[in-house]
Number of protein chains: 2
Amino acid sequence: MELDDRKKRVLQAIVDDYVATNEPVGSKSLIERHNFQVSSATLRNDMAELERLGFIEKPHTSAGRIPSDRGYREYVDSLMKIDTLSQKEQQEIESRIAGTVDEATELIKNAAHTLSEATGFISLSMSPRLRKSFLKQIKLLMIEPGKALVVLVLSAGVVKDKIVRIPNFITDEQMMQISGAIEKNLTGKPLDEITLVTVETAAKDTEIPSALLRQVLYEAYTAIKQADQLSIYLEGEHKMLAFPDFSSMGRARDLLGTLSDSGMVAGYVNEMENQAAVSGKKDSYMIRIGQEIALEGLDDCSFITATYDMGDTVFGNIGVIGPKRMDYSSVISKMDFVKKKLNEELKKLT
Amino acid sequence: MELDDRKKRVLQAIVDDYVATNEPVGSKSLIERHNFQVSSATLRNDMAELERLGFIEKPHTSAGRIPSDRGYREYVDSLMKIDTLSQKEQQEIESRIAGTVDEATELIKNAAHTLSEATGFISLSMSPRLRKSFLKQIKLLMIEPGKALVVLVLSAGVVKDKIVRIPNFITDEQMMQISGAIEKNLTGKPLDEITLVTVETAAKDTEIPSALLRQVLYEAYTAIKQADQLSIYLEGEHKMLAFPDFSSMGRARDLLGTLSDSGMVAGYVNEMENQAAVSGKKDSYMIRIGQEIALEGLDDCSFITATYDMGDTVFGNIGVIGPKRMDYSSVISKMDFVKKKLNEELKKLT
DNA sequence: TGTTGGCACTCAGGTGAGCCGAGTGCTAAT
DNA sequence: ATTAGCACTCGGCTCACCTGAGTGCCAACA
């Protein structure tokens, strides 16, 4: 079922107008704004057809039409043309991202911040997926009796650390020994191939009493595992309250309530990424619209995410969450540009 | 100007009722709920007097009275009696805080989380003020050419680190040398006594070419300074949307908008703490009500904070932000208990 | 077959009148 | 100092009404 040309134009015009005005758009106002060379009655027929096909819907009988989720979907998939950013916008974004910080995590958050400022929506950033990155260094640093710091240096220039408890009477030299042994045997291994067993065998030719050893190794292991946990960072939640789309308080509460469970959101974004990966259609961005989003309270939102890249199969996501009634073209072009700049900066860091 | 006994009771009853019902309270309903041994007309006289004195006010002519900021102030200062928590509540809180994590930062966030859950309000936690804490260890760890990790171990068991850039051709041994020299000379110094000069003199008897040295020392210095920066963590913002007090969307937006600038909030809490310190009346908690709060959009809120303690004059704050129409007694008792448990746990960590 | 003008119908939202009731201030009596 | 009584206020609710933008459908036309 293909839409004929005029119907496409009609759908496009409806989305554009509705996004711009936040009012259901009727056949008459459609004629006024766009110069279709036909009468309003003809458009009414087209609109009836579009409604039958599920692209648009009526809030109530005697109102204009608004795009349905499917209508937005059609719009982003084949109707819209992506904006190019003005020089000024590009500069604005560039100056915020370029050369600001030396650390990947900060850089990524910074990019997300820029994105939120540029779009006026909520921005999100996911920490890099480190499963596939490999260990470049691991150090156990004695802090005080019973307490040590595990420092991991991963490929892609990421550093993680964690304070752990260790047996009280372990000595500084013993720790150095363990540290050295682990490092020697684990360096170069991808994180997802490191198991408790790997860690234990890595340290088996030290002369530390095994009771002591076990606990230290276990803590080192959990530190490693913890390093590849995904975390998400959201910013600009309050901006959603400014949109009439969420003026009903109930919706606003549901939305912010769901977003406050960052673990859930992170899981969802992760799943989006995975699905995109298996489906093979790895676009430069991913979009989920309205009900397509399997999170409570996000029916009126859209998710748009992109992937940033840190080399060595290490990557993560940045994105925005906005009302589904948004200017997709503008948002996507902004996100694309931010992503590009972010990737450039990340490359410089390695 | 002292209130006579009955007027005190009237004010107290008005606050209690208004907090419970969120409706302006009138003379008649006051008689019904509380057994004053006088007529409603008498109460009306009292209420007129209380209004003249600024403790209560009318939303409009023909409505009951609601407490003014000053009324709440009088209430918390001299009228309310602090609840004691039920066994069950105590256990609930205790089980969430006790023995959960090994790291101070996590523990504090966790306490704040518990507080938000227990009260249903926004909770806040400030990072410990480390200016007065002293350096127990400082290590420079070579990560890769051009990049190093500065690890600081402070008294009170806090560990901070930062990735810094260093000259590319500096060697591992040179780093160790610098690291050793700094550590030897700076250990035991309070953070606020460490300046760039201190750091530079600490390393002056190494044999590293001074051009290289300078950059490393500078980076080490910024890492140290960065360690005592205050940071704040807010949680549960979305919960405020559930209160009728913020149902007007405009207010909600102002509130969340202001809170999204965490630097500003941190600065404010810090200032509160300082003022309490100089005024000398160091209570177990601090309260700011309504307009007393010098932050935009918080006119309808109250801040309640307490101080946690990590020994060695290192301390920070936890607290809640809720509608000023809140059950102060219950909130304060909860916060007090959480604070107590947090302090106990922090003590165990050192 | 696609397009058009015309017409009856629908319905959300705004307006204004009217009523209700909780609450007040004031006054005169106790 | 307290109380009973009374006139007055005013926010909020309900109801009826109107308006206007928009629709669906039909008959006519190219």
Side-chain angles (χ1 to χ4, degrees), chain A residues 1-11 13-15 17-18 20-68 71 244-245 247-248, chain B residues 2-11 13-18 20-68 71 244-245 247-248:
Chain A
M1 164 54 66
E2 256 300 317
L3 295 175
D4 67 46
D5 256 18
R6 196 183 55 217
K7 292 210 184 62
K8 280 185 186 168
R9 275 193 65 205
V10 171
L11 177 54
I14 290 175
V15 173
D17 281 13
Y18 183 62
T21 64
N22 192 27
E23 310 233 308
V25 2
S27 53
K28 213 161 162 189
S29 64
L30 216 43
I31 295 275
E32 276 167 25
R33 290 184 195 240
H34 308 263
N35 60 337
F36 289 99
Q37 303 294 7
V38 294
S39 77
S40 66
T42 310
L43 291 194
R44 276 205 291 283
N45 290 334
D46 287 351
M47 287 161 84
E49 177 72 4
L50 283 169
E51 181 171 6
R52 207 182 51 76
L53 295 172
F55 291 111
I56 56 181
E57 52 200 26
K58 282 182 293 207
H60 56 263
T61 357
S62 73
R65 307 301 215 293
I66 64 176
S68 65
D245 312 60
S247 61
S248 83
Chain B
E2 258 300 317
L3 295 175
D4 68 46
D5 255 17
R6 197 183 55 218
K7 291 208 183 65
K8 279 185 187 169
R9 274 193 66 205
V10 171
L11 177 54
I14 289 176
V15 173
D16 284 339
D17 280 13
Y18 183 62
T21 65
N22 191 27
E23 310 231 309
V25 0
S27 54
K28 214 166 164 188
S29 65
L30 217 43
I31 295 275
E32 275 167 28
R33 289 183 195 242
H34 309 264
N35 57 338
F36 289 99
Q37 303 296 6
V38 293
S39 77
S40 66
T42 311
L43 291 196
R44 275 205 291 286
N45 291 334
D46 287 351
M47 287 162 85
E49 177 73 3
L50 283 171
E51 183 173 3
R52 208 181 51 75
L53 296 171
F55 291 112
I56 56 181
E57 53 200 27
K58 283 184 291 206
H60 53 264
T61 356
S62 73
R65 307 302 215 292
I66 63 175
S68 65
D245 311 62
S247 61
S248 82

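Values below: every heavy atom of this structure, side chains too, minus hydrogens, waters and symmetry copies. Letters go in sequence order (proteins before strands), and every chain restarts at 1.
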Using a cut-off of 4.0 Å on non-hydrogen atoms, how would the nucleic acid contact of A41(B) be classed: base, sugar-phosphate, or nothing? base

What is the distance, rounded to the nearest whole Å, between atom CG of L43(A) and atom C1' of dG22(D)? 13 Å

dT3(D) base to S39(B) side chain: any donor-acceptor pair below 3.5 Å? no

Ignoring backbone atoms, test whether R6(B) places a side-chain nitrogen or oxygen under 4.0 Å from the OP1 or OP2 oxygen of dT2(D). yes

With side-chain contact (heavy atoms from CB on, under 4.5 Å) as the criterion, how do V25(A) and R33(A) come out once you've worked through the C-alpha distance, each side chain's angles and the decisive distance to 0.1 Å? CA-CA 11 Å; V25(A) 2; R33(A) 290 184 195 240; over 6 Å; no

Taking the side chain of H60(B) as its heavy atoms from C-beta onward, which of dG11(D), dA12(C), dT3(D) lies nearest to it? dG11(D)

Whole angstroms only, please: what is the CD-P distance between E51(A) and dC25(D)? 11 Å

Sidechain-backbone polar pair: T21(A) side chain, D17(A) backbone, donor-acceptor under 3.5 Å: yes

Would the distance check show the side chain of S68(B) and the main-chain N or O of G54(B) forming a donor-acceptor pair, the cut-off being under 3.5 Å? yes

To the nearest Å, give me how far apart CD1 (I31(A)) and P (dT3(C)) are. 12 Å

Rounded distance in Å - CG (N45(B)) to P (dT24(C)): 11 Å

Name the residue closer to the 5' end of DNA chain D, choosing between Q37(B) and G26(A) according to the nucleotide with the nearest heavy atom. Q37(B)

Do the side-chain N or O atoms of K28(A) get closer than 4.0 angstrom to the phosphate oxygens (OP1, OP2) of dT23(D)? no

What nucleotide, of dA12(C), dA22(C), dG22(D), holds the atom closest to the side chain of S62(B)? dA22(C)

Among dT10(C), dG5(D), dT9(D), the one nearest any side-chain atom of R44(B) is dG5(D)

Separation of dT24(C) atom C1' from L50(B) atom CG, nearest Å, is 15 Å

Using atom CE of M47(B) as one end and atom P of dG23(C) as the other, report the distance to the nearest whole Å. 9 Å

Whole angstroms only, please: what is the CD1-C1' distance between I56(A) and dT23(D)? 12 Å

Please give, in whole Å, the distance from dT23(D) C1' to R52(A) CZ? 17 Å

Checking all strands, does S27(A) fall into the base, sugar-phosphate, or nothing category for heavy-atom contacts under 4.0 angstrom? sugar-phosphate

Taking only side-chain N and O atoms of R65(A), does any of them lie within less than 4.0 angstrom of OP1 or OP2 on dG24(D)? yes

OP1 or OP2 of dT4(C) versus the side-chain N and O atoms of T42(A): is any pair under 4.0 Å? yes

Verify the neighbour count for atom CG of D4(B): are there more than 12 heavy atoms of other residues, nucleotides or ligands below 6.0 Å? yes

Should T61(A) be listed as having a side-chain N or O under 4.0 Å from OP1 or OP2 of dC11(C)? yes

Give a yes/no on whether any side-chain N or O of K58(B) is located under 4.0 angstrom from OP1 or OP2 of dG25(C). yes

Identify whether NZ of Lys or CZ of Arg in R6(B) sits under 6.0 Å from the centre of the six-membered ring of F36(B) and within 45° of that ring's axis. no

Is the NZ atom of K7(B) crowded by more than 12 outside heavy atoms at less than 6.0 Å? yes

